[in-house]
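One structure is given below, encoded as structure tokens.
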Number of protein chains: 2
Amino acid sequence: MIAPMPRTADENPNPNQSGNGRSQRVRIRDVAEAAGAAQSTVSNALNGTGSVDPGTRERILKVASELGYVPNRNARGLRTDRAGMLGIMLSTRSEAGEVANVAYNLRLAGGASRAAFRRQNALTLLPPLRTREEAGLLVPDGVILADIEVDDLARAAFDEIGVPIVTIEADPGSPDEAYWVGADTPTNTRTGLDHLMATGATTIAYIGTDATGTWSVQSAKAYHHWCRERGLEPVAVTVPRTQTVRECAEALGRLLQRDPRPDAIFALTEKIAVSVVRRLGELDISVPHELRVLSGSDGDHAAQALPPITAIDLHPEEVGAAAVALLYERIEGLDTERPRIIRATLNARESTTGRL
Amino acid sequence: MIAPMPRTADENPNPNQSGNGRSQRVRIRDVAEAAGAAQSTVSNALNGTGSVDPGTRERILKVASELGYVPNRNARGLRTDRAGMLGIMLSTRSEAGEVANVAYNLRLAGGASRAAFRRQNALTLLPPLRTREEAGLLVPDGVILADIEVDDLARAAFDEIGVPIVTIEADPGSPDEAYWVGADTPTNTRTGLDHLMATGATTIAYIGTDATGTWSVQSAKAYHHWCRERGLEPVAVTVPRTQTVRECAEALGRLLQRDPRPDAIFALTEKIAVSVVRRLGELDISVPHELRVLSGSDGDHAAQALPPITAIDLHPEEVGAAAVALLYERIEGLDTERPRIIRATLNARESTTGRL
DNA sequence: GAACGTAGCAGAATCGATTCTGCCACGCAA
DNA sequence: TTGCGTGGCAGAATCGATTCTGCTACGTTC
């Protein structure tokens, strides 16, 4: 009978092949042997825990790097009870690929992905989960919830199983919760409105959506405040969250019937802004001379419209990265600054400034 | 049946708080005790391995379900040498959020995410990785590479560390590799061209991109074949992969100068098609009466254009799900059918058929 | 009736990290 | 000199699953 091979120290002559056996990665034990130290010392040296002689530490780090040591995530996780991954849910409600602001969300996820990767953690894309049972099947160390609206089932599910949460924009259902990352929407909206006024507008209308998320709600509120402060009558309409071209055109139509006719429009989303500009082209209404248009969110489509649309860049990659950072701080129980506000910038383009 | 207390007595009055202690999940040992069986038997019963008496098996499954047992992923992974996650890289090259076909990619990732979740595996979003070292920091069980072009560094990196790969569309750099999922692009292109001809077109032009990915290359090739078969002169132009509105308008301009002027355009991407239709509106060229337009990829923007654009729906969610399935089969060494072709459907709309 | 094979299960080893426990040597104070 | 505290490290326990080994009871075959 052949004695069971307890794993030889021999080099695998063919390391490229995804062997049928266990992958022959360098273990902490190998580092310890090569450095002439105990496993515990190597672990302490690499993690900065315990007390290790500086000389010993140096030697261990050198050996580990030479051997190309990478800790086994499962072993570490088993001991520390960490999954080594964060979750991100781009939509907590919509079925299929019906995510609302596609470009924003993809850039958001990209930024979060990079930030997690830098910490050697995985960012996993979670499908919409509604119940505690579903959420319990794949438990990340923490979760980022985007596009969250009132009474969100996903938030409740993760709350119940004790997974730390950070939301993108404040959760309208939990106004006291400070663990969120997003924009200073009131300020951004006012900046946009001020810009429109500075370009000569006198009657500024507003097109938002009927979504109940914080961004949408806050922006509309800020618009009304801004108007009231100036003694202007607000002229606001909303489109359904599907924001189809037709719906946007109809909303625009309602605004154009107003008397006096607005000479500027603050459109909350890129999709609305693009549809509005296109429709104005069809109606032969000159942008920006007869009507200025500004978008509350920037992206390719706004930048490439004809004319290019002035837009507020919310920097979604930064938002994603900040969400990951805040989430780790929450997981680790650190009492850091929150919420985390990402400053937006206004990209002035022809739709408000005319040909440059 | 006795209500078995997993772990020690319940001393956490605030289950929402992420406890500082180890999470109190049910372990296989708890199931074994409650069912009066050995851990090994429970494991065999749950995994369908070894030989377990049907009665015992039944009892164990019942107990496990009652206790809400969910296996610890780290412990399992440590033993089986699996990460329990797949990676997906939406762009192997572009920096930042410059993914090309945003809507397609987000739906692709959504489909893959669901499919992985159903197997209790995580789908992790990987940032663009170019080197073996980068890829070694976070090693998934397998990886899906989308938007792959010739001489792709990401493919090489994962190949070197032995991570199984499935690509979205064939890898133009490895034509013999069959582990890919995608569309039957030649057939789809011909279907679109046939549709244009069936609606009365006689001179069909083509606008593609200069990307070197298989989809782009194959479609252009199919167009030329199709023309040759019919003795028609191909009229094809390309736009840079940025596909800005301006670039698309210029490409269209070149086509309109041709004599005879085309009466139909096959536009490869949704972005091109939308830009073309908009530009035609500006030029007062009637769609579809003077010029029919068809898009090689469907999405919201095509469906909501004015007029709505006939488009080929590539069913990206299905592609993503199939990619996950094929990847698992590759990981498990199964010799299953490959490549996996997802049948596309043609959504006929007004841009070719006129008002319905 | 003895020998043998096998289904079913219990017990223990194992994966590779972190972390607890305890030993040793050394420095300093009494 | 003796005693005590402590830095540094070795050894071993531990996390929770899978899987190997071997025992027992039962049936079958000669």
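All values reported here derive from a predicted model rather than from experimental measurement.
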For this session: Give, ordered by number, those residues of residues 49-58 of chain A having at least one heavy-atom distance below 4.0 Å to an atom of DNA chain D; if nothing qualifies, reply none.
Result: A/S51, A/V52, A/D53, A/T56
Problem set entry | Contact list for DNA chain D against residues 60-70 of chain A - heavy-atom distance below 4.0 Å | none
Exercise. Would A/I168 and A/V319 satisfy side chain to side chain contact (heavy atoms under 4.5 Å, CB included), going step by step from the backbone distance to the final call?
Worked result: CA-CA 8 Å; A/I168 302 302; A/V319 173; 4.0 Å; yes
Starting at [atom1] of [X] and ending at [atom2] of [N], how long is that distance when rounded to a whole Å?
X      : N      : atom1 : atom2 : value
A/Q39  : D/dG11 : CD    : C1'   : 10 Å
A/R29  : D/dA10 : CZ    : P     : 15 Å
A/L78  : D/dA17 : CG    : P     : 9 Å
A/R79  : D/dC15 : CZ    : C1'   : 6 Å
B/N44  : D/dT18 : CG    : P     : 9 Å
A/L46  : D/dC9  : CG    : P     : 14 Å
A/E33  : D/dA10 : CD    : P     : 13 Å
B/Q120 : D/dA17 : CD    : C1'   : 14 Å

Under 4.0 angstrom between [X] side-chain N/O and [N] OP1 or OP2:
X     : N      : result
B/R76 : D/dT18 : yes
B/S43 : D/dT18 : yes
B/T41 : C/dG8  : no
B/R27 : D/dG16 : yes

Sort me out a list of protein N/O and nucleotides 25-27 of chain C N/O pairs below 3.5 Å, or just none if empty.
none

Exercise. Do B/V139 and B/F158 pass the side chain to side chain contact (heavy atoms under 4.5 Å, CB included) test, and can you show the C-alpha distance, the side-chain angles, and the key distance before you say yes or no?
Worked result: CA-CA 9 Å; B/V139 182; B/F158 282 106; over 6 Å; no
Problem set entry | Electrostatic pair B/E33:B/R27 at N-O distance under 4.0 angstrom | no
Exercise. Base, sugar-phosphate, or nothing for B/N47, non-hydrogen atoms under 4.0 angstrom?
Worked result: sugar-phosphate
Seminar exercise, completed: Taken to the nearest 0.5 Å, the spacing of B/M89 CE from A/S113 OG works out to 9.0 Å
For this session: Would you please test A/R107 and A/E318 for salt bridge (charged side-chain N to carboxylate O under 4.0 Å, His left out) and show each step?
Result: CA-CA 9 Å; A/R107 291 172 61 190; A/E318 282 180 49; over 6 Å; no
For this session: Take B/Y69 and B/R25 through the side chain to side chain contact (heavy atoms under 4.5 Å, CB included) test and state the conclusion after the steps.
Result: CA-CA 8 Å; B/Y69 170 72; B/R25 295 254 297 275; over 6 Å; no
Problem set entry | Full working for side-chain hydrogen bond (donor to acceptor under 3.5 Å, both in side chains) between B/R330 and B/Y179 | CA-CA 8 Å; B/R330 178 166 206 179; B/Y179 278 102; 4.6 Å; no
Exercise. Among C/dA17, C/dT19, D/dG16, which nucleotide sits nearest the side chain of A/I28?
Worked result: C/dA17
Problem set entry | Under 3.5 Å: donor-acceptor pair, side chain of A/N72, backbone of B/L78 | no
Exercise. Are the side chains of B/T56 and B/T41 in touch, meaning some heavy atoms are under 4.5 Å apart?
Worked result: yes
For this session: With salt bridge (charged side-chain N to carboxylate O under 4.0 Å, His left out) as the test, would you mind laying out the steps for B/D53 and B/R57 before giving the verdict?
Result: CA-CA 6 Å; B/D53 183 84; B/R57 205 179 107 84; over 6 Å; no
For this session: Please step through side-chain hydrogen bond (donor to acceptor under 3.5 Å, both in side chains) for the pair B/N121 and B/Y328, ending with a clear verdict.
Result: CA-CA 11 Å; B/N121 273 96; B/Y328 272 113; 3.0 Å; yes
Problem set entry | Candidate pair B/I60 and B/N44, rule side chain to side chain contact (heavy atoms under 4.5 Å, CB included), full reasoning | CA-CA 10 Å; B/I60 289 173; B/N44 283 324; over 6 Å; no
